[in-house]
Amino acid sequence: MQGQQVYSRLGSFGGAAPGTPSPPPPPSPSPVRGGGGSGRRTPGKSGAARGSQEAAAAAAGAAGWGAAARRAAWALLAALLRRQAVFLFAPLLYVAAMLLYMGSLPLDVVPRIITRSAPGSVYRSPQLYARLRPDMDADNSTDALATVWRQTYKGGVWRPCIHNLTNSLPESNGYIYVEANGGLNQQRTSICNAVAIAGFLNATLIIPNFHFHSIWKDPSKFRDIYDEEHFVKRLQNDVRVVNKVPDFIMERFGHNLSNVFNFKIKAWSSSKYYKDVVLPKLVEERLIRISPFANRLSFDAPPVVQRLRCLVNFEALKFSNPIATLSETLISRMTEKSAESNGKYIAVHLRFEEDMVAFSCCVYDGGDEEKKEMDVAREIGWRGKFTKRGKVIRPGVIRMNGKCPLTPLEVGLMLRGMGFSNKTAIYLASGKIYKSEKTMAPLLEMFPLLQTKETLASDEELAPFKNYSSRMAALDYSVCTYSEVFVTTQGGNFPHFLMGHRRYLYGGHSKTIKPDKRRLAILFDNPRIGWKSLKRHLLNMRAHSDAKGVEMKRPNESIYTFPCPDCMCRLNKTTHSKPILHTR
């Protein structure tokens, strides 16, 4: 490339001849304090240079260490790949590293696990009532008693149709003696089933003996509760009934009933069992004893047996004259106190006695004091039943399943939500309410016209009944029978018999509110629900009870609760029905 000019971006410097390569540029001059173009070095300049050199050396050292660490990691990975079994220990190494890491953290930074109770598992009804009461008090214009039953005669009217027999009875196959155990309505079951079996076996029935129970502690006899003369007369064409065993029969057993053969019959035995097993022994012995007798006959039986059950329960069993007389008085006084509702009132069967609360194992708002009282009550009433080894009690689950007795507060909240105003008269059928002074106060605030047999009758009027639980229950039964609305809160024999009796009187409709307690538990445990939303849910629940008022008996259901179609016949839709008031 001789003779060609070479371009340098620094231009010509000095007196170099053309074509001569440019020399390398000199180092850039270091800045000089105070500016100026002189290239003289100063002490400040040389110190900065030494600092730059040291920093460069440190960076070079760090880079060297990083390169060494990478080489070590690659070497370790290569070794692990050559020995794959080492990977089996990798999870252990990971766990150990995590434990070391967690151990180095302070405890105050570890997150807490907050558990929330399941909806409906906790009793929070008092808080709900306190929050919704202003809205409830402002919404008090409706009168649900006038419109509560809209489907009473849907599908036709049902009327009693128990056919009376006029044929004479054949010779008896022997005598049957039964012991009716339990409370008022369990004894009623025994009586009805005993008559049905006696008629089915063509036997003579001795007036049932009422077994004294340590819980009810009622020494009442049959004639103290029921009209014995009417009972015998009403059954005279169907079953022979006498009040004692003839002497010539008792002579065979030394006038001692304990010498009489006693059948231990399984619960819910079929009528075929009585025919195949009991009847031959009856014919042989001429007198047999069945004790205990409650629930010793299956719900499903031949028509002849079902007819006798209907006849006894709805026609032959009338309360004795003292009970019937005071019942009429209580009904009359309750009607007078319901003048603003045209004589209509609500009857509530409330099961919130101490023994009921204890047996349910539910937890309310009484704290440690309530727990101690319930533990003592459970041990007294059911010694060892709730404390035996392996017994697990889950109060929250019990509440969610709708098994907890409703409190008076919850009953009032439910009825107000169903549209019943505070001017509605209520009859409360119950025993001694648990902590009544505290628990009854909210219900009385919501329904100041509430009455009981103790407030309707004087002490003198109640004196013959006070120490007899079955007689007191009979008074409640009568007043509840003739209410416009009956509310059941806990199940049991009382509401089951009463619903059937009301169906028999009111054209097949029970006129009963049977709340969905599982749904209630969730509604009353909802901290965000408003009054309008709660009322909408409860009105739907009331409408559901109306729709279920007329129901047919299905297999394995009691004829005493569902008298249609065994005890009643359906008339056409245009026929009107009025209550039949002849069974008080």
- prompt: Less than 4.5 Å apart, any side-chain heavy atom of E484 and any of K511?
  reply: yes
query: Do S483 side-chain atoms and I346 backbone N/O form a donor-acceptor pair below 3.5 Å?
result: no
message: Quick one, F231 and V195 - any side-chain contact, counting heavy atoms below 4.5 Å?
response: yes
- line: In terms of heavy-atom contacts, H496 and T561 come closest through O-OG1, 3.2 Å
task: Decide yes or no for Y427 and D476: does some side-chain heavy atom of the first lie under 4.5 Å from some side-chain heavy atom of the second?
output: yes
Nearest atoms (heavy-atom pairs only) where A196 meets R309: CB-CG, 4.0 Å
Of Y560, Y477, F562, F314, the residue whose pairing with F497 passes ring pair (Phe, Tyr, Trp, His ring centres under 6.0 Å): Y560
- prompt: Taking C-beta and beyond as the side chain, do V348 and L415 meet within less than 4.5 Å on heavy atoms?
  reply: yes
task: Determine, for K372 against D368, whether the closest basic-nitrogen to carboxylate-oxygen distance falls under 4.0 angstrom.
output: no
- prompt: Taking the inter-plane angle between the rings of Y274 and F293 on a 0 to 90° scale, is it parallel (under 30°), tilted (30 to 60°) or perpendicular (over 60°)?
  reply: perpendicular
query: Are the charged groups of R399 and D525 less than 4.0 angstrom apart, N to O?
result: no
task: Mind listing the closest non-hydrogen atom pair of R296 and I265 along with its distance?
output: NE-O, 2.6 Å
query: Relative to the ring of F210, is the ring of F222 parallel (under 30°), tilted (30 to 60°) or perpendicular (over 60°)?
result: tilted
query: With a 4.5 Å limit on heavy-atom distance, are the side chains of K244 and M250 in contact?
result: no
- request: Could you tell me whether the side chain of Q306 and the main chain of F299 form a donor-acceptor pair under 3.5 Å?
  value: yes
Side-chain donor or acceptor of N256 paired with backbone N/O of S258 under 3.5 Å: yes
task: Look at D365 together with K435 and state whether they make a salt bridge at an N to O cut-off of under 4.0 Å.
output: no
field: Side chains of F200 and L308 in contact at under 4.5 Å (non-hydrogen atoms)
entry: no
task: For the pair K553 and D300, find out whether any cationic side-chain nitrogen is under 4.0 Å from an anionic carboxylate oxygen.
output: yes
- prompt: Is the closest side-chain heavy-atom distance between N556 and W268 below 4.5 Å?
  reply: no
Test of ring centre spacing under 6.0 Å for Y364 and Y434: no
- request: Could you tell me whether E285 and K281 have a side-chain N and a carboxylate O separated by less than 4.0 Å?
  value: yes
query: Of the non-hydrogen atoms in A203 and V239, which two are nearest, and what is the gap between them?
result: O-CG1, 4.1 Å
- prompt: Do P292 and E179 have side-chain heavy atoms sitting under 4.5 Å apart?
  reply: no
message: Check this for me: does any side-chain nitrogen of one of K438 and E369 sit under 4.0 Å from a carboxylate oxygen of the other?
response: no
task: Before accepting this row, confirm whether a basic side-chain N of the pair K221/D224 lies closer than 4.0 Å to the acidic partner's carboxylate O.
output: no
message: For the backbone of L282 and the side chain of N173, can you confirm whether one donor and one acceptor N or O come within less than 3.5 Å of each other?
response: no
statement: Here the pair of heavy atoms bringing S470 nearest to G183 is OG-C, 4.4 Å
